[in-house]
Amino acid sequence: MTVPPLLSLRDISVRFGSVTALDRVDLTVDAGEVRAVLGENGAGKSTLMNVVYGLLSPDQGSMQWNGAATSLRGPQEAHALGIGMVHQEFALVDALSVAENLAEAVDERGWLVDYDGVFEQAEARAAELGLALAPAEARVGDLPVGARQRIEILKAMLTEVRLLILDEPTAVLTPAETEQLFAVLRGLRDRGVAILLITHKLREVIELADTVTVLRRGRVVAQRSARDSSERDLAELMVGSLSPDQARAEPAPAGPVPVLRARRLACAAESGAPALDDASAEVGAGEILGIAGVDGNGQQPLFEIVSGLRAPTSGSLEIDGTTCSVFSPGAMLDAGVSIIAPDRRRQGAVLEMRVWENAILDTALLRAHSSAASLDRDGATAFASDLIDRYSIVCDGPDATAASLSGGNLQKLIVARALATAPRLLVAFNPTRGLDIGAARAVHTALRAVAEQGGGVLLLSTDLDEVLGLSHRVAVLSRGRLSAPVAPPYDRRQIGLLMGGGDRPEAA
Amino acid sequence: MTARLSSSLLAAAIGLLAGAAAIAIGGGDPITAYTALAEGAMGSAYGWSEVAVKACPLVISGLAVALAFRAGLWNIGAEGQLVAGALVAVCFATNCPQLPTALGVSLTLLAAVCGGALVAAIAALLKLRRGVDEVIGTIMLNFIVLGIVGYLVHGPMMEASGNYPQSEALPGFTRLPRLFQGMRIHAGSFAVVALVPLCAWGLYRSRFGYVVRAVGANPVATELAGFSVGRYLLATFTASGALAGLAGGMEVASVTYRMYENFSPGYGYTAIAVALLGRLDPWGVLLAGLLFGILEAGSMSMQRVAGVSAVIVSLIQGCVIFALAAIEYSRAESSS
């Protein structure tokens, strides 16, 4: 008699309105197996994981756990079976401390929560897993995104887990942290834990996974062994066909005045966010300047200053030759700066509102789509429909709520909006974090388009491949200091060395 | 939309059932009581007139609360803003030289609007400049306004005859005209009929309303999109106070004609229930205000005919809100 798989899904279908997110999908995972789930945005990966985790009940299909039919009515039931999940967009409470967030994962009965005990347990677990953990009292909202993710991973691993789901877990990790995570996951696998891994990094699939399931438009297009696959095979299965990545454009002739000129910008460390120290940079017209660096080395303050969220304590900023005196997002937008913020759901869109309402969420676009005091709904709807067509945004039309869009399609909408004002300077901070190849490519095409049309692009990204693949020049942020920019051909070792100082656990 | 409507209707039904249970426990007959209530409120032209009189302040201050809540501002101060509006209206009207009625009434109501807006603006500035949570700020301002009214009607504002701690009566040219002989329904009802579509247009069809909804749902993204969230909060808070002030001014210019302590039977607090039951939608607020107006207007008749205390109506209103919260909670649980 054969041992039944730990988890087996059969014929799973999920529909949202007229969109079929999953179409008769089969998936099995054995104990001690790492199964990767690959797919473009909107391919249904997150939906599938939500079914496994009990967040969604499928419209059709069955689920078996250890050979017995089950249906989950919520994450609590998933926990009870031993299913843990690390979400792509963190499920942490920003206002609470690290210890309090961890305590949430522990099934405490009774009136009192032993925060110290929970934290000690977590620390022990973290040491065992080789994860750096922030101090117990630190407020989660103040921590850099990488540190927050480590808490999220730890939270899922605090209880006895037989199946661990990870949704794009390496998106914000440094290469070293990724290696650590993989070591941890291999250790878990050897102990018989099954792992479902969603990632768009093909190399990681081949490196870590035993088997891979490829989804395209809600259907399973391949189930195969990961080790016998090449990156190219997998990429082709995922997107259908793979065109070679566009060659990097030559720098456009720089205009007489740079689009962005930052001189000796500095700002003090602020509740967890690191300081920016004497940062100077120029972005020419038609140029993409990439800022490489490990997360938490000053990207946040630099982004906040350039997007107008905070004023520098010293130094000056010029946009198109005009010195900024007022630092507010409105003033920056008026000066011709468009923003692609790192956290698309929190900073980039109003999820409760409709796609057409989000399409005009910008002072200039709102002015363009209203007359006197009155909102031009028809005009805005037509505008949104046009963006949906031009950027191939998969959604239920302009009247769908933004919350119903997948991460990649939401990002496409945000990018489309940012470009609609023909910005002089586009500031993009981790614009493809967690996106699959197709959506990431659409975003990259959009960034190049801004440069080709004579605008400047300031690309802050912790994804080194992205920075090197797109930028005309690259500078490195490390401990709040910005290096002098280097031009291609890029020497990865040299850039790696410049980033090196940042490859350490974040200080809170 | 239909889901929202159905949860409101279900909540209203549960509230009425809870009221029936309370009546039965108290030894009364729920059917007799509710029949008396319904007949009192809806069985005659006079009843309907009373419904309109009760619903006017509830709908307008309900709109005030709904507007603020939509912007993510927890304005618990509609009561204080309403009373402040009435107070300023009385100050103006009792010191104003003779004017044509249309002008006198308009200026009196304008004074009320300013009074309410001023109190709300104080809470808004405390929040924006000093980080005082608006829930705390508005509750404290409610007490302050009531304290000022108490002082004034016992002192500087007290009527010349000095019999009661109340202001002089409003002169005739500042009073909202009544529509029918022998009934209290007044011209303010027209204002309500006009305000509801105006607010609906403002919220859903105007540029300002669009930004207000965006600010309420996600201030971070709205700020990054270039909008000055602080200014929109100040404007919305002030507009909310202006509406609440108008409700108070209308009440004093059409029903009480005088200022005194306990001038408002808690309209500003009931307004929160009205706004929530109306799902923060202007048309919903109108329906919820009418329902509460019917309950209020019929309550005396219920007490008289069925011997059931009119206070039961407050119990019903409270249960409606509890039921609504419970329904919404279970809906959110089952859909997530």
Side-chain angles (χ1 to χ4, degrees), chain A residues 50 54-57 73-75 303-304 307-309 326 328-335 337-354 356-358 360-367 369-377 380 401-403 414 417-418 421 427 429, chain B residues 1-4 66-67 69-73 128-129 131 133 135 197-236 239 279-282 328-336:
Chain A
N50 286 338
L55 284 167
L56 264 178
S57 31
R73 272 166 312 193
F303 169 75
E304 287 181 358
S307 62
L309 283 173
V326 180
S328 74
M332 286 297 173
L333 288 170
D334 288 344
V337 180
S338 269
I339 302 292
I340 300 172
D343 188 341
R344 46 188 164 271
R345 290 187 187 277
R346 207 173 64 87
Q347 300 171 305
V350 181
L351 296 180
E352 294 87 338
M353 292 173 85
R354 297 175 192 283
W356 71 264
E357 289 174 308
N358 275 284
I360 57 167
L361 188 68
D362 173 290
T363 42
L365 291 175
L366 179 60
R367 271 196 299 275
H369 294 97
S370 54
S371 52
S374 158
L375 194 61
D376 176 11
R377 286 171 76 151
T401 58
I414 291 165
R417 182 181 67 206
T421 48
V427 180
F429 186 2
Chain B
M1 199 62 221
T2 46
R4 301 173 133 226
L67 177 65
F69 281 18
R70 276 291 180 127
L73 287 168
L128 297 171
R129 295 278 162 79
D133 189 285
V135 173
L198 186 70
C199 284
W201 181 87
L203 202 52
Y204 301 118
R205 301 276 171 161
S206 80
R207 188 151 88 184
F208 179 78
Y210 165 83
V211 183
V212 165
R213 287 184 293 125
V215 167
N218 188 343
V220 174
T222 311
E223 180 87 39
L224 261 175
F227 299 96
S228 169
V229 168
R231 274 186 220 164
Y232 278 93
L233 289 181
L234 177 61
T236 310
R279 314 319 308 272
L280 310 185
D281 175 88
E328 282 307 297
Y329 179 77
S330 62
R331 284 242 158 101
E333 280 285 285
S334 64
S335 75
S336 71

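Within every chain, numbering begins at 1; the chains are lettered A, B, ... in the order of the sequence lines, protein sequences first and strands thereafter.
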Margin query: With chain B as the partner, which of A/Ser307, A/Pro329, A/Gly348 has the greatest number of non-hydrogen pairs under 4.5 Å?
Written below: A/Pro329
Next item on the list: Could you check which of A/Leu365, A/Asn358, A/Asn50, A/Ile360 has the highest count of heavy-atom pairs closer than 4.5 Å to chain B?
Entry: A/Ile360
Check: Non-hydrogen atoms of chain B under 4.5 Å away: do they reach the side chain of A/Ser328, the backbone, both or neither?
Finding: neither
Next item on the list: Heavy atoms only, distances under 4.5 angstrom: which of B/Tyr210, B/Phe227, B/Phe208 has the most pairs with chain A? Name it, please.
Entry: B/Tyr210
Notebook entry, point to check: How far apart are the closest heavy atoms of A/Ala349 and B/Ala221, and which atoms are they?
Noted result: O-CB, 3.6 Å
Notebook entry, point to check: What part of A/Ala418 is in contact with chain B, defined as an atom under 4.5 angstrom from a non-hydrogen atom: side chain, backbone, both or neither?
Noted result: neither
Notebook entry, point to check: Once you round to the nearest 0.5 Å, how far does CG of A/Leu333 lie from CG of B/Leu224?
Noted result: 8.5 Å
Next item on the list: For residues A/Val350 and B/Thr222, determine if any side-chain heavy atom of one lies less than 4.5 Å from a side-chain heavy atom of the other.
Entry: yes
Next item on the list: Give the member of B/Ala217, B/Gly202, B/Gly209 that has the highest number of heavy-atom pairs under 4.5 Å with chain A.
Entry: B/Ala217
Notebook entry, point to check: Which bit of A/Arg367 is near chain B, if near means a heavy-atom gap under 4.5 Å: side chain, backbone, both or neither?
Noted result: both
Next item on the list: Counting only heavy atoms closer than 4.5 Å, note whether A/Arg377 contacts chain B via side chain, backbone, both or neither.
Entry: side chain
Item checked: Heavy-atom donor-acceptor pair, B/Asn218 side chain to A/Arg346 backbone, under 3.5 Å -> yes
Note to self: Given heavy-atom pairs under 4.5 angstrom as the criterion, report whether the side chain, backbone, both or neither of A/Ile339 touches chain B.
What the structure shows: side chain
Item checked: Steps toward side chain to side chain contact (heavy atoms under 4.5 Å, CB included) verdict (B/Tyr204, A/Leu375) -> CA-CA 8 Å; B/Tyr204 301 118; A/Leu375 194 61; over 6 Å; no
Check: Tell me, side chain or backbone of A/Ala373 under 4.5 Å from chain B's heavy atoms, or both, or neither?
Finding: both
Notebook entry, point to check: What option among A/His369, A/Met332, A/Glu357 has the most heavy-atom pairs under 4.5 Å with chain B?
Noted result: A/Glu357
